[in-house]
Amino acid sequence: QVQRVEPGGGLVQAGGSLRLSCVASGRTASSYAMGWFRQAPGKEREFVSAINWSGGSTHYAESVKGRFTISRDNAKNTVYLQMNNLKPEDTAVYYCAAGLVLPTAISPNGYDYWGQGTQVTVSS
């Protein structure tokens with residue numbers, strides 16, 4: 001299974017919005033939970049959000065709760081991360097991942113497949 005992060009990152013001013021997309025290939029893609037992680041320079045990769053295979057259960061890091069929304073379209077094998085009211089501290093490389101985990105699993109170690117990262121830069 002391969003994750004491909006679609007263009008969607010970029011540079012935005014604080015308070016702005018971006019939407020990230022990640023397309024998963026493979027016959028069993030819709031069976032996996034999907035997560036988004038981010039890594040800022042000099043920091044460890046951190047959990048942002050995750051969604052279970054059906055889309056019925058989601059989980060968010062406290063730092064993004066109320067601003068970010070994760071969703072998925074299994075017909076398109078795609079997971080989305082809508083990011084609103086962006087802050088400079090959201091600046092990082094964002095990665096999507098797939099794993100047979102619960103959405104509450106915040107460790108990147110539980111995810112088996114990773115997409116390439118996309119840079120999100122929020123200016124103040």
- Task: Describe, in one word, how the ring planes of W114 and Y95 are oriented to each other, choosing from parallel (under 30°), tilted (30 to 60°) and perpendicular (over 60°).
- Result: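 It falls in the perpendicular class, over 60°.
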
- Query: Transitively linked via ILVMFWY side-chain contacts under 4.5 Å: Y113 with L100?
  - Reply: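 Looking at the clustering, L100 is in the same group as Y113.
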
- Can V122 be reached from L81 by stepping across I, L, V, M, F, W or Y side chains whose heavy atoms are under 4.5 Å apart?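 In one cluster with L81: V122, yes.
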
- Item | Crowding at NZ, K43 (>12 non-hydrogen neighbours, <6.0 Å) |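 No, the 6.0 Å shell around NZ holds no more than 12 heavy atoms from other groups.
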
Can you confirm whether [X] sits close enough to [Y] that some side-chain heavy atom of one is under 4.5 Å from a side-chain heavy atom of the other?
X: R67; Y: D90; result: yes
X: T121; Y: V12; result: no
X: M83; Y: R19; result: no
X: T118; Y: V93; result: no

N/O donor-acceptor pair under 3.5 Å between [X] side chain and [Y] backbone:
X: S57; Y: N52; answer: no
X: S49; Y: H59; answer: yes
X: Y32; Y: Y111; answer: no
X: N74; Y: W53; answer: yes
X: T78; Y: K76; answer: yes

[X] side, atom [atom1]; [Y] side, atom [atom2] - distance, nearest 0.5 Å:
X: I106; Y: F37; atom1: CD1; atom2: CZ; value: 8.5 Å
X: D73; Y: Y80; atom1: CG; atom2: OH; value: 5.0 Å
X: C22; Y: Y94; atom1: SG; atom2: OH; value: 15.0 Å
X: Q119; Y: Q39; atom1: CD; atom2: CD; value: 11.0 Å
X: F68; Y: L20; atom1: CZ; atom2: CG; value: 8.5 Å

- Task: State, to 0.1 Å, how close S124 and A14 come at their nearest heavy-atom pair, and which atoms those are.
- Result: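 Heavy atoms only, the tightest pair is CA-CB, 4.3 Å.
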
- Task: Evaluate the criterion side chain to side chain donor-acceptor pair (under 3.5 Å) for residue pair N84 and S17; output intermediate values, then yes/no.
- Result: CA-CA 4 Å; N84 297 329; S17 298; 2.9 Å; yes

